[in-house]
Structures are given as C-alpha cells and as structure tokens.
There are 2 protein chains.
Amino acid sequence: MARPSNRLPVLPIERALKVISGRWKAVILYHLLDGPRRLSELTRLLPEISQKVLVQQLRDLEAHGLVHREVYRQIPPRVEYSATSLGLSLEPVMVALCQWGQRHAEALNEHDPVRDCIIRPARHGVSAADATHE
Amino acid sequence: MARPSNRLPVLPIERALKVISGRWKAVILYHLLDGPRRLSELTRLLPEISQKVLVQQLRDLEAHGLVHREVYRQIPPRVEYSATSLGLSLEPVMVALCQWGQRHAEALNEHDPVRDCIIRPARHGVSAADATHE
DNA sequence: TCCCATACGGACCAGACGGTAACCATGGCT
DNA sequence: AGCCATGGTTACCGTCTGGTCCGTATGGGA
C-alpha cells in the first residue's frame with residue numbers, strides 16, 4: 001500500500017462509494033479480476049484513458065488496498081497490477097451495481113440499446129481465484 | 001421527473017455509480033426508505049447538510065428517477081419527497097455496499113471503532129412497502 | 001405592520017477531479 | 001550516437017461539486 005490511506009468517510013456506504021467511484025476505477029478493477037495486468041496491457045485495453053490518469057486511478061486503488069502493485073526490476077521495466085483479496089471481494093457488489101444500472105437504464109430510456117454489462121453478468125467456469133496478494 | 005435526465009454513462013456500473021455517488025445521496029435515500037419525508041424533516045434529520053445542498057441532491061435524485069417530489073399547495077408550503085420503486089430497488093445494492101464498506105474498514109484500520117451501518121443491516125418487521133409513486 | 005414558517009433560488013467561491021501535452025530515466029539494440 | 005520500449009512524472013487547466021451566505025415568495029398570526 002502506498003500511503004496509510006488518508007481519511008475515508010466513516011459511514012461504510014460512503015466509504016465504499018468513495019473508494020470505487022473514481023472515473024475509471026470500476027472498469028479498471030474489472031480488467032484486474034482475471035489476474036495481473038501490466039500497465040502497458042491496461043493502456044492497450046483501455047485506450048480512452050490517458051496513461052497519467054490510468055496510473056492515478058491505479059495508485060488510488062492501491063492506496064485503498066484494492067490493488068497490488070508488483071515491480072519487477074528488469075529492462076525494460078515490468079510492473080504488474082493485480083486485485084487484492086479485498087479488491088476481489090468487491091466483485092459481487094460491482095455485479096449488483098451493474099445489474100441495477102441496467103434496470104435503471106431500462107426504466108428510464110428503454111429506447112436506448114441496452115449495453116452489455118462490463119462486469120461479468122454470470123460466470124460459468126472462471127478462474128479468478130489465483131494470484132491474490134496482500 | 002424534472003429534466004429528461006441528461007446523458008448518463010452507458011456502462012451500467014458507471015451509470016449506477018454516477019446516480020448514487022453524490023456527497024449525500026446514499027444517506028438521503030436511506031432516510032426515504034421508510035416513507036415520504038418533508039424537506040424540513042430531512043433538514044432536521046441531517047443537520048450537517050445545508051438546505052441548498054439538500055435540495056440539490058434531492059433534485060438530482062428526482063431527475064434520475066429515484067425520488068418522487070410531491071407538492072401540496074398549502075400555506076405554509078408542504079413538499080414531500082419519497083423513494084420511487086426504482087429508488088427502493090436500490091436498497092439491496094446499498095446494503096451490499098455498506099457491508100463491503102465495513103469489511104474494508106476492518107481490513108484497513110481495524111483500530112478504528114467500526115461504525116454502525118447507516119443502511120439497515122438486517123430488517124425484521126419493516127414497512128417500506130407503501131407509498132411508491134413514480 | 002412586523003414576524004414566522006416553509007421551501008426554495010442565486011451569487012460566489014475553493015478544492016477535487018479529470019484531461020492534455022510534454023518531459024524523464026533506464027539500458028538494450030543497431 | 002540515436003532510437004526503442006516501459007513506466008512513469010510534471011506543469012497546466014477547465015469543469016464539476018459542494019459549500020457558505022443571503023434573498024425571496026406566500027399567507028397566517030400577534
């Protein structure tokens with residue numbers, strides 16, 4: 001973890017929201033659910049995010065204990081970001097949020113084509129129970 | 001509903017987060033789970049929020065279909081805010097967020113006294129199945 | 001006539017947040 | 001010497017958000 005985690009809200013729900021409601025945090029976390037990713041991988045997976053912002057969001061997630069950052073001293077450098085167990089434990093909550101978001105979209109502007117849920121909607125045989133770190 | 005709901009993010013999870021992650025929205029919504037509340041009631045229940053900000057948050061919630069605003073033309077004026085069915089449907093998600101928030105608090109700074117969850121942790125005989133509006 | 005309660009609305013402001021663009025350090029390869 | 005890839009960082013900036021303070025409209029009651 002980077003810093004001793006600056007003061008978060010005391011109410012659990014506000015704390016939870018504060019921790020995951022950054023502009024790209026949910027999407028980033030989603031891409032880490034399947035295992036570690038290098039920064040360059042994430043950059044390629046999420047071209048809409050500038051690298052600076054990506055690093056920023058990752059560092060926030062790290063500071064809040066959701067993401068682990070592993071540096072391999074190689075040339076060229078290799079840095080891997082992975083979800084901690086705390087980060088992984090957020091998945092069901094994210095799924096719930098996603099499902100509610102779909103419901104919300106249907107309830108309001110049903111004319112809009114309902115987009116696929118980025119958070120896995122239903123898992124069959126998945127292997128997200130490995131490198132957990134922290 | 002106030003406005004036709006300005007464009008929300010397309011990804012369901014981002015949409016959900018955008019809709020509920022205002023500074024006071026979760027807490028406000030919590031207080032509406034049990035039924036309609038007058039603005040003055042909410043002001044008294046949540047003294048830390050200035051009335052202007054309270055109205056602001058309520059109007060956002062209304063614009064996004066989570067809250068219904070009922071005006072009674074009386075003197076002095078009477079305005080009641082209540083959760084719509086869409087708003088009520090968010091409760092389980094908020095509970096999940098709250099539980100995860102507690103877990104997060106314990107995982108990081110367990111020395112801090114774990115605060116009670118503002119979102120009802122387990123309900124016994126509750127009557128939140130009434131005025132639903134929308 | 002003045003004051004009260006209710007339910008706002010506008011002016012103004014400071015900080016957080018996200019975004020662009022450019023720069024930097026390392027060491028291998030040619 | 002110059003270029004490449006990786007993984008950053010720094011400077012700067014515009015917008016959004018929440019916050020304070022104060023004004024306003026209505027009509028009842030003293």
Side-chain angles (χ1 to χ4, degrees), chain A residues 2-3 5-9 11 14-15 17-29 31-32 36-64 67-82, chain B residues 2-3 5-9 11 14-15 17-29 31-32 36-64 67-82:
Chain A
R3 281 158 300 163
S5 174
N6 38 27
R7 288 274 160 250
L8 287 170
L11 291 185
E14 296 186 341
R15 169 182 277 258
L17 286 170
K18 181 115 195 181
V19 159
I20 56 164
S21 63
R23 176 66 186 87
W24 300 104
K25 287 180 187 161
V27 191
I28 292 172
L29 215 41
H31 284 286
L32 295 181
R37 298 270 190 201
R38 300 185 59 169
L39 181 66
S40 49
E41 276 186 276
L42 290 170
T43 307
R44 259 173 266 119
L45 286 165
L46 305 162
E48 335 137 67
I49 321 180
S50 80
Q51 206 175 40
K52 181 218 147 186
V53 174
L54 180 57
V55 172
Q56 216 171 252
Q57 304 275 305
L58 282 164
R59 297 301 241 271
D60 283 359
L61 291 169
E62 189 197 3
H64 293 143
V67 160
H68 172 77
R69 177 168 172 266
E70 184 79 35
V71 181
Y72 299 90
R73 305 209 145 278
Q74 305 174 353
I75 285 97
R78 173 187 188 81
V79 176
E80 276 184 0
Y81 294 90
S82 55
Chain B
R3 281 159 300 164
S5 171
N6 37 27
R7 288 273 162 251
L8 287 170
L11 291 185
E14 296 186 340
R15 168 184 278 260
L17 286 171
K18 181 117 194 178
V19 159
I20 55 165
S21 64
R23 176 66 186 88
W24 300 104
K25 286 180 188 162
V27 190
I28 291 172
L29 215 41
H31 284 286
L32 295 181
R37 298 271 189 198
R38 300 186 59 171
L39 179 68
S40 49
E41 275 185 278
L42 290 171
T43 307
R44 259 173 266 119
L45 286 166
L46 305 162
E48 335 138 68
I49 320 181
S50 80
Q51 210 176 38
K52 185 213 146 190
V53 174
L54 180 57
V55 172
Q56 217 169 253
Q57 303 276 304
L58 282 164
R59 296 302 241 270
D60 283 359
L61 290 169
E62 189 198 2
H64 293 142
V67 159
H68 172 77
R69 177 167 171 266
E70 185 79 35
V71 182
Y72 299 90
R73 305 209 146 278
Q74 305 175 351
I75 287 98
R78 173 187 188 81
V79 176
E80 276 185 0
Y81 294 91
S82 55

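Small disclaimer: the values here were computed from a predicted structure and weren't measured. Each chain gets a letter, A, B and so on, in the order its sequence line appears, and its residues count up from 1.
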Closest-nucleotide ordering on DNA chain C, the 5'-leading residue of Ser21(A) and Pro77(A): Ser21(A)
Check: residues 45-52 of chain B side-chain donor-acceptor pairs under 3.5 Å, at least two apart:
{"from": "Ser50(B)", "atom 1": "OG", "to": "Val53(B)", "atom 2": "N", "distance (Å)": "3.4"}
{"from": "Lys52(B)", "atom 1": "NZ", "to": "Gln56(B)", "atom 2": "OE1", "distance (Å)": "3.3"}

Touch class at under 4.0 angstrom, heavy-atom based, for Ser40(A) against every strand present: sugar-phosphate
Separation of atom CG in Leu39(A) from atom C1' in dA25(C), rounded to whole Å: 16 Å
Short side-chain donor-acceptor distance under 3.5 Å, Glu70(A) and His68(A): yes
Non-hydrogen side-chain atoms of Leu42(A) and Leu58(A) separated by less than 4.5 Å: yes
Cation-aromatic face contact Arg78(A)/Tyr72(A), 6.0 Å, 45 degrees: yes
Touch class at under 4.0 angstrom, heavy-atom based, for Arg73(B) against every strand present: nothing
Distance, rounded to the nearest Å, where Lys52(B) contributes NZ and dG9(C) contributes P: 11 Å
Considering all heavy atoms, the nearest Pro36(A)-Glu80(A) contact: CB-OE1, 3.6 Å
Length of the line joining Arg23(A):CZ and dT20(C):P, which is rounded to integer Å: 11 Å
Side-chain N,O (Gln74(A)) to OP1/OP2 (dT26(C)) below 4.0 Å: no
Arg78(A) CZ - dA25(C) P separation (whole Å): 25 Å
OP1 or OP2 of dA7(C) under 4.0 Å from side-chain N/O of Arg38(B): yes
Rounded distance (nearest 0.5 Å) linking atom CD of Glu62(A) with atom OG of Ser82(A): 10.0 Å
Ile28(A) side chain reached by Asp60(A) side chain, heavy atoms, under 4.5 Å: no
N or O in side chain of Arg59(B) less than 4.0 angstrom from dG9(C) OP1/OP2: yes
Gln56(B) CD - dA11(C) P separation (whole Å): 14 Å
Spacing between Gln51(B) atom CD and dT6(C) atom P, to the nearest angstrom: 9 Å
Shortest side-chain distance from Val53(A), nucleotide among dG18(C), dA5(C), dC8(C): dG18(C)
Inter-axis angle, terminal five-pair segments of the helix from dT1(C)-dA30(D) to dT30(C)-dA1(D) [nearest 10°]: 40°
Interatomic distance, Ile49(A) CD1 vs dT20(C) C1' [rounded to whole Å]: 15 Å
Side-chain heavy-atom pair Leu8(B), His64(B) within 4.5 angstrom cut-off: yes
Side chain proximity check, Arg59(B) to Arg69(B), heavy atoms < 4.5 angstrom: yes
Spacing between Leu42(B) atom CG and dC8(C) atom P, to the nearest angstrom: 11 Å
Side chain proximity check, Gln57(A) to Trp24(A), heavy atoms < 4.5 angstrom: yes
Sugar-phosphate only, base, or nothing, as touched by Glu80(A) at under 4.0 Å among non-hydrogen atoms: nothing
Bounds of contact between DNA chain D and chain B, in 5' to 3' order, using a heavy-atom cut-off under 4.0 Å: dG18(D) to dG27(D)
